[in-house]
Structure formats: structure tokens, C-alpha cells
Amino acid sequence: MTVNLLNFDLEGLTTYCEQLGEKRFRAVQLFRWIHQRGARDFSAMTDLARSLREKLPAQARIEGLKMLSRQDSADGTIKWLFDVGDGNAIETVFIPEDDRGTLCISSQAGCAVGCRFCSTGHQGFSRNLTTGEIVLWQAEFFLRQHLKTSERVISNVVMMGMGEPLQNYHSLVPALRVMLDDHGYGLSRRRVTVSTSGVVPMMDRLAQDCPVALAVSLHAPNDALRDSLVPLNRKYPLSELLDACLRYLPAAPRDFITFEYCMLDGVNDQPQHARELLELLRGHAGRGVPCKINLIPFNPFPDSGLLCSPRPVVQQFARLLTESGLVTTVRKTRGDDIDAACGQLAGDVLDRTRAAERLAQRRVSSVHPIRFAAPAGDKQT
Ligand code: SAH
Ligand code: SF4
């Protein structure tokens, strides 16, 4: 079996080339061919020593994911479904804006955290993606061809697709390094965001190994409510999570943490929740956590049993936070017509952990006052 070179960051590729008896600068050349020019054919790499060009095909390959489908939204958003084997599929979304091109990528096939409002969580967990399955290669070079440009198309990356990135740390960090490397995609650390449901020890490690912008999925202002929405909270409760945010900040490329808060009708969207959130974030550790809040209107999916907060409720919640000085934005929904919004990225997952089953049981036995959706036909906002 040949080695897929997409799985290496530059350091890994250098070690690999050294094992083949090649010098470090050859690894840089090879890396640039792959990640700056999208090459997959060794014979086209004209400045590589002929001996290396001839050696590589027998032992290495450059192989992206197999595309199962592509959907183009009227607003320019593109969603791909990629095959990752064994009946698993993952989704990737490209969101073009005037001044940037953002790619939303996945880190796992499924997710073991099992958040109640998340379609991925409902499907359970199959496996971690490899570094090569996480990196931008596929999307970037498809987009360059599609948009007929030789310029870089993707300027921002958000790890907000399927999976919990910090539960796939060993593949995540080399993938981030490829994105940031000047010989790779050369993205700024501020424009690469890891979103986490709060894997506290790995937040500390990320601060050391590869600090990028951090988004933390909060969704609740107290432990009782967060326990019921984000099960990981039972392991790493809010005070520990916020402490980890404070420890992350000195290494972070931005001087704030983004807190994501999914607006769920009647569950976490009331004025008292906003007040409690203010108190929590302002008062933590006696000095508060420098942050911005991003309210995400809940994107419904079949069997979630939840509804999105009505628009005036979202606006009132945002106003309460803003008036007290917390910078708060409401996430725009893009790619609505192709189900490309947060939490709707379903893919197709072979659940190996029975997480989906456990989640279903928890829903039945939970005593938490989640307000379940009205019968079908009730209008979503
Ligand atoms: N596992 C990571 C990153 C992937 S989820 C995390 O949880 O942060 C990316 C974001 O989408 C998270 O903030 C998550 O809470 C949010 N999300 C999940 N399901 C959603 C849904 N149905 N509607 C709106 N946002 C959702
Ligand atoms: Fe996993 Fe994030 Fe979905 Fe929670 S919200 S189940 S952590 S992907």
C-alpha cells in the first residue's frame, strides 16, 4: 500500500523524504507542488530531481476524497458530500463573501459527544478523519478550477462541520499546520477557527501546539441546562471550561474567545438566560472572559424535537447582551436551499459506538424541561 502524502505536514513530509534518502529542500518542493499547485501526478513536478520523481509513484500517492455529490446554492454556497469509506460520508461547505471565502470542514465521521440539537450528534460516531481527509486540498483546487482562477480561493477555515475536532487531536494538528504553513495554504492563524464543545485538556494542548482562533460552543448559562444539551459538560463543567478559555487566550491569535450559542425555542432563549449568561461571562474568576457571542438560530432537522427561537426572541436576547456591553452577533444562514447550515451537515455515518442509541435513550428518560416541537406543520422561523 502506498503512502498518501496528504496526510503529512511539512515536518512529516521531511521525515518521509529523509527516509527515502532525500534532502529537506526536496520535501519543501514536493509540499509546494501538492498544496500550492494541487498536483497529484509526480511526473509533472518538473523541478524535482528525476530520481525522486521516478521513485515516488511506487511508494506514494496524492489522493483526495471521492466526491459523491455537489450542490450549489443560489447564494453561491457550495456543499460537497465526500465518501470516506465503509458507508461513511462527510460534508464540506464553501461560503463565498465579498471579502473572503470560508470553508467549513469536518473532523470526524459522526461525533461521539451527542449534543441534543445537532444532527451529527444524533447519528453517532464512526471514526476519526485522517489529516489528508481534513485538509483543504480537495476543495481549494476544485474551486480554483471551477472559478477559473489561479489565485487562492479559500481565505478562512472554520472547523464547524461534522465532529469534535479536539477529539481527533492527532490528525487535527498536522492539518492545521498545513493550512498555516507558508509553503502550504499560508492562512493566517486568525482566520482558522477551531470550534469545540469544550474538551478542556485538549484546549490547553492546542494553545501550546498550534494556537488558532477558538470558538467554544456554550449554548447554556448554567451547568444543569448545559449538561442536558452538551453531554460533555458533565465531564468538563462551565467553570473548568471558562478557566481553560482564560488559559488559552495568552497564546491565541485573537484577544477574545467566540462563544457560540444555539437559540432553542423555550429552552435557553429567555431573558433570564441572557442575564445569567452575562453574569457568568462577566463574573468568571472575578474578572470575566474576554469574548464575543455568536447566536446561531437553531437549524431544525428531522426528529430533533426542537424548534428555533422566533426571530424577535433572538433579537431581544441579542439586545440584552449588547446593551450590557457584550459584543453579540446573530449568525446569518447561508445555503438554506441546500441544507448547508450549521448542524444540518448530516453525511451518512455507520454508528460504531451506539452513541445514537444512547442519545435516544437519554431523550426519553431526561427530566429536563426541553420543549418538544409542535406537531409537523408548525412553522419554523
Ligand atoms: N463539535 C464542534 C464543532 C462542530 S459543530 C462544536 O460543537 O463546536 C459547529 C457548531 O454548530 C457548534 O457551535 C454547534 O453547536 C452548532 N450546531 C450544531 N447543530 C446545530 C443546529 N442544528 N443548528 C444550529 N447550530 C448547530
Ligand atoms: Fe459533536 Fe459539535 Fe454536534 Fe455536539 S455540536 S454533537 S460536539 S458536532
Side-chain angles (χ1 to χ4, degrees), residues 90-93 95 102 104-126 128-129 134 157-169 172 192-200 202-203 206 212-220 226-236 241 245 257-265 267-269 292-309 314 329-336 339-347 349 351 353 355-356 358-359 362-363 373 380-381:
I90 55 158
E91 287 178 330
T92 302
V93 179
I95 306 150
T102 303
C104 175
I105 56 178
S106 301
S107 54
Q108 300 179 312
C111 182
V113 177
C115 299
R116 176 174 252 160
F117 49 84
C118 174
S119 156
T120 306
H122 277 242
Q123 290 186 74
F125 174 73
S126 182
N128 282 328
L129 298 185
I134 298 174
V157 171
V158 291
M159 304 236 30
M160 295 184 185
M162 296 171 77
E164 170 47 57
L166 295 186
Q167 287 189 340
N168 183 13
Y169 194 77
L172 171 74
V192 176
T193 302
V194 166
S195 174
T196 180
S197 56
V199 190
V200 164
M202 293 302 157
M203 289 165 65
L206 190 67
V212 290
L214 189 68
V216 172
S217 294
L218 210 56
H219 309 311
R226 195 164 189 270
D227 280 353
S228 77
L229 295 173
V230 184
L232 195 65
N233 195 67
R234 296 185 201 130
K235 196 161 181 191
Y236 305 115
L241 178 57
C245 291
I257 301 284
T258 302
F259 288 118
E260 295 161 281
Y261 196 102
C262 182
M263 296 296 285
L264 303 164
D265 183 26
V267 175
N268 64 355
D269 63 349
K292 290 188 180 173
I293 312 287
N294 194 209
L295 301 178
I296 316 175
F298 170 63
N299 291 303
F301 56 91
D303 304 326
S304 71
L306 295 162
L307 291 173
C308 177
S309 309
V314 178
T329 48
V330 179
R331 184 170 298 168
K332 278 188 291 187
T333 304
R334 297 284 306 263
D336 244 354
D339 282 353
C342 300
Q344 287 183 320
L345 303 185
V349 163
D351 183 12
T353 59
R358 287 198 304 276
L359 186 65
R362 221 175 27 238
R363 272 171 55 193
Q380 296 285 349
T381 49

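This chain uses plain numbering: 1 for the first residue, then up along the sequence. Every number for a ligand or one of its atoms is a count from 1 in the order of the listing. Just so it is clear, the structure is predicted and the values come from calculations on it, not from any experiment.
Aromatic rings from Phe259 and His219 are positioned such that their centres are separated by 6.0 Å or more.
Using a 4.0 Å cutoff on heavy atoms, Pro297 counts as a contact of ligand 1. Ligand 1 does not have Gly121 within reach: every non-hydrogen atom of the residue lies 4.0 Å or more from it. For Gly114, the heavy-atom gap to ligand 2 drops under 4.0 angstrom. Ligand 1 has at least one atom lying under 4.0 Å from a heavy atom of Cys262. For His219, the closest heavy-atom approach to ligand 1 falls below 4.0 Å.
Taking backbone and side-chain atoms together, Cys118 has an N/O/S atom less than 2.8 Å away from atom 3 (Fe) of ligand 2.
Residue Gly163 has at least one N or O atom closer than 3.5 Å to an N or O atom of ligand 1. At a 3.5 angstrom cut-off on N or O pairs, Phe117 counts as close to ligand 1. In terms of polar-atom proximity, Asn299 is counted as a contact of ligand 1, with an N or O under 3.5 Å from an N or O of the ligand. On a distance-only criterion, Ser119 and ligand 1 share no N/O pair closer than 3.5 Å.
Arg234 places a side-chain N or O within 3.5 Å of a backbone atom of Asp227 that can act as its donor or acceptor partner. For the pair Tyr169 (side chain) and Leu206 (backbone), a donor-acceptor distance under 3.5 Å is present. Listed for the Arg226 side chain is a donor-acceptor partner under 3.5 Å among the backbone atoms of Leu218.
Ranking the protein heavy atoms by distance from atom 2 (Fe) of ligand 2 puts Gly163 O, 4.4 Å first. Nearest non-hydrogen protein atom to atom 1 (Fe) of ligand 2 is Cys111 SG, 2.3 Å. Given atom 4 (Fe) of ligand 2, the protein heavy atom at minimum distance is Cys115 SG, 2.4 Å.
Under 3.5 Å, the side chains of Ser195 and Glu260 contain a donor-acceptor pair of N or O atoms. Under the 3.5 Å distance criterion, with hydrogens and angles disregarded, no donor-acceptor pair is assigned to the side chains of Asp265 and Ser309. Side-chain N/O atoms of Asn128 and Gln108 include a donor and acceptor closer than 3.5 Å. A donor and an acceptor atom, one from each side chain of Glu164 and Thr196, are located under 3.5 Å apart.
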Next item on the list: Take Thr258 and Asn294 through the test side chain to side chain donor-acceptor pair (under 3.5 Å) and record every step on the way to the result.
Entry: CA-CA 7 Å; Thr258 302; Asn294 194 209; over 6 Å; no
Next item on the list: Apply side chain to side chain contact (heavy atoms under 4.5 Å, CB included) to the pair Gln167 and Val113, showing each step before the final yes or no.
Entry: CA-CA 9 Å; Gln167 287 189 340; Val113 177; 3.7 Å; yes
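Close approach of ligand 2 to Ser197 is summarised as follows: ligand atoms under 4.0 Å from at least one heavy atom of the residue are 7 (S). Heavy-atom contacts of Met159 reach the following atoms of ligand 1: 3 (C) (cutoff under 4.0 Å). Here is the list of ligand 1 atoms found below 4.0 Å of a heavy atom in Ile296: 13 (O), 24 (C), 25 (N). Here is the list of ligand 2 atoms found below 4.0 Å of a heavy atom in Gly121: 6 (S). Set against the non-hydrogen atoms of Cys118, the atoms of ligand 1 under 4.0 Å away are 18 (C), 19 (N). Taking every non-hydrogen atom of Thr196 and a distance limit under 4.0 Å, the qualifying atoms of ligand 1 come out as 6 (C), 8 (O).
Summarising the contacts of atom 2 (C) of ligand 1 with Gly161, Ser217, Pro300, Ser195, the nearest heavy atom is found in Ser195.
Screening Glu91, Met162, Met159 for a side chain to side chain contact (heavy atoms under 4.5 Å, CB included) with Ile105, the sole residue that qualifies is Met159.
A distance of 5.5 Å separates CG in Leu264 from CG in Leu306, rounded to the nearest 0.5 Å. In this structure, CG on Asn233 lies 12.0 Å from OG on Ser217, to the nearest 0.5 angstrom.
Looking at Glu260 against ligand 1, only its side chain comes within 4.0 Å, counting heavy atoms.
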